[in-house]
Amino acid sequence: MQTAMGDASYHPREECRICGGRRLSVIVDLGLMPLANRFISPDDRAPEPRIPLVVMRCMDCANAQLSVVVDPALMFTTYAYRSGVSSTFIRHCDRFAREAEEIAGLPRGAPVLDIGGNDGTLLSSFAGRGYRTHLVDPAGNLAPTSRAAGHEVLSAFWGHEAAEKSARQWPCMELVTATNVVAHVDDLDEFFSAVARVLAPTGHFVLEVPYLADLVEKSEFDTIYHEHLSYFLLQPLLRLGERHGLRARYVRRIPIHGGGLRLYFGRGTYASDAVRAMLDFERDAGLHEEHPYRRFAREIDWIRGELRTALTRFREEGKRVAAYGASAKGAILLNAAQADSTLVQYIVDDTPEKQGHLAPGTRIPISPRSRLDTEPPDYLLILAWNFVDEIVEKTSAFSTRGGRYIIPVPALRIL
Ligand code: TYD
Ligand code: ZN
């Protein structure tokens with residue numbers, strides 16, 4: 001079934017994407033939500049698409065996934081998100097490149113492919129270390145930036161077709177990276193098989209995905225949006241890799257974007273203490289059972305309610321509230337708290353493409369950071385809470401004036 005709503009179409013997903021199981025149970029239901037990265041022009045009066053946002057858990061393999069799949073062309077072909085805006089992220093990329101070089105034992109000048117590499121920020125860390133860099137990403141609007149940075153670029157979704165093109169034009173890859181993209185993919189078998197197609201026999205495939213354990217432990221429910229089709233644990237990922245001749249060599253938890261896991265696959269057979277320890281952790285934390293998810297659902301209700309109450313009180317007291325970071329998670333949080341521009345007057349964001357637009361669902365205007373000086377708020381809601389230190393640093397004038405920060409996750413705090 002293909003359902004059209006406004007310009008969005010989506011279809012239900014009734015089998016587990018990892019094991020094919022059909023015993024799926026609801027863990028989070030956020031109701032109808034807009035697309036979190038679909039920024040609105042101020043003169044656009046058309047109703048926005050609203051699509052169910054529901055997370056299901058597979059009772060057979062413990063993978064979690066959305067109940068629907070939105071047509072990817074609606075979300076990824078012009079992408080407002082730019083990795084390079086955050087300096088925290090650039091440092092993360094440099095450390096990643098150093099680590100991958102060591103673990104994969106990359107030969108000097110080896111070819112590296114980054115799938116879903118956005119504006120080439122991660123690849124630039126590899127280029128800086130002397131590797132030959134290749135990028136495949138569907139966001140055509142970002143390709144000129146990546147080419148200007150010296151990367152070979154193919155504008156496409158990753159799959160069999162892109163892998164054939166890569167194999168024809170480019171050498172076999174010693175390293176394939178996919179950071180924050182695997183969770184966007186509906187057909188994981190095609191994705192992995194296409195990676196196996198371009199990977200050299202001695203090559204490594206490294207992926208970074210948000211980790212379901214972090215999502216649940218830290219109540220990061222606003223990282224649930226339509227782009228994120230899957231919420232992974234290690235165990236189901238190992239099963240997926242195995243089907244494509246890829247075995248786990250190393251894994252670790254990473255702090256970026258609220259907490260993820262970084263998993264290295266190779267074609268050999270490995271005995272990794274790190275992999276064993278994480279599997280034990282998942283079992284001991286009960287992540288294959290119901291109870292952590294029930295607690296998670298209660299936390300979500302609490303945060304939504306508390307935020308709405310606080311914003312309503314500030315409005316009654318005549319205080320001005322602005323927000324920082326027109327992130328996708330911010331869109332979900334504001335919609336979940338039913339905020340609009342009477343509660344949060346504006347959002348500042350340093351991304352030029354987002355400025356002058358309205359935030360999805362809430363239609364709160366997005367402005368450059370300078371608005372914090374011309375219309376100083378009393379409270380600043382940090383919507384990109386994963387970059388809280390960087391944002392506090394950039395807004396020191398606001399806090400010097402006595403402004404206070406609202407941090408929504410993992411529990412609502414006013415500092
Ligand atoms: P981010 O948390 O990276 O992602 P998502 O959209 O997946 O939730 O988004 C952070 C947003 O905050 C992004 O629009 C860029 C913006 N931002 C700034 O404008 N200035 C900054 O200093 C930082 C750290 C982020
Ligand atoms: Zn399953």
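Order of listing sets the numbers, starting from 1, for every ligand and every atom in it.
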Compute the centroid of each ring, for Y405 and then for F398, and state whether the two points are separated by less than 6.0 Å. yes
Take D189 and H244, measure what side-chain hydrogen bond (donor to acceptor under 3.5 Å, both in side chains) needs, and give me the verdict at the end. CA-CA 8 Å; D189 280 301; H244 300 280; 2.7 Å; yes
Note, I254 side chain near R95 side chain (heavy atom, < 4.5 Å): no
Is it the side chain, the backbone, both or neither of [X] that has a heavy atom closer than 4.0 Å to ligand 1?
| X | answer |
| --- | --- |
| R369 | neither |
| Y225 | side chain |
| K329 | both |

Atom indices of ligand 1 within 4.0 angstrom of [X] heavy atoms, with elements:
| X | answer |
| --- | --- |
| G325 | 12 (O) |
| Y324 | 18 (C), 19 (O), 20 (N) |
| N386 | 2 (O) |

Among side-chain atoms of [X] and [Y], is any donor-acceptor pair under 3.5 angstrom?
| X | Y | answer |
| --- | --- | --- |
| E217 | Y211 | no |
| R262 | Y250 | no |
| H151 | T133 | yes |
| Y264 | S272 | no |

Short N or O distance, D349 and ligand 1, threshold 3.5 Å exclusive: yes
Check: I391 N/O within less than 3.5 Å of ligand 1 N/O: no
F89 near ligand 1 by a heavy-atom separation under 4.0 Å: no
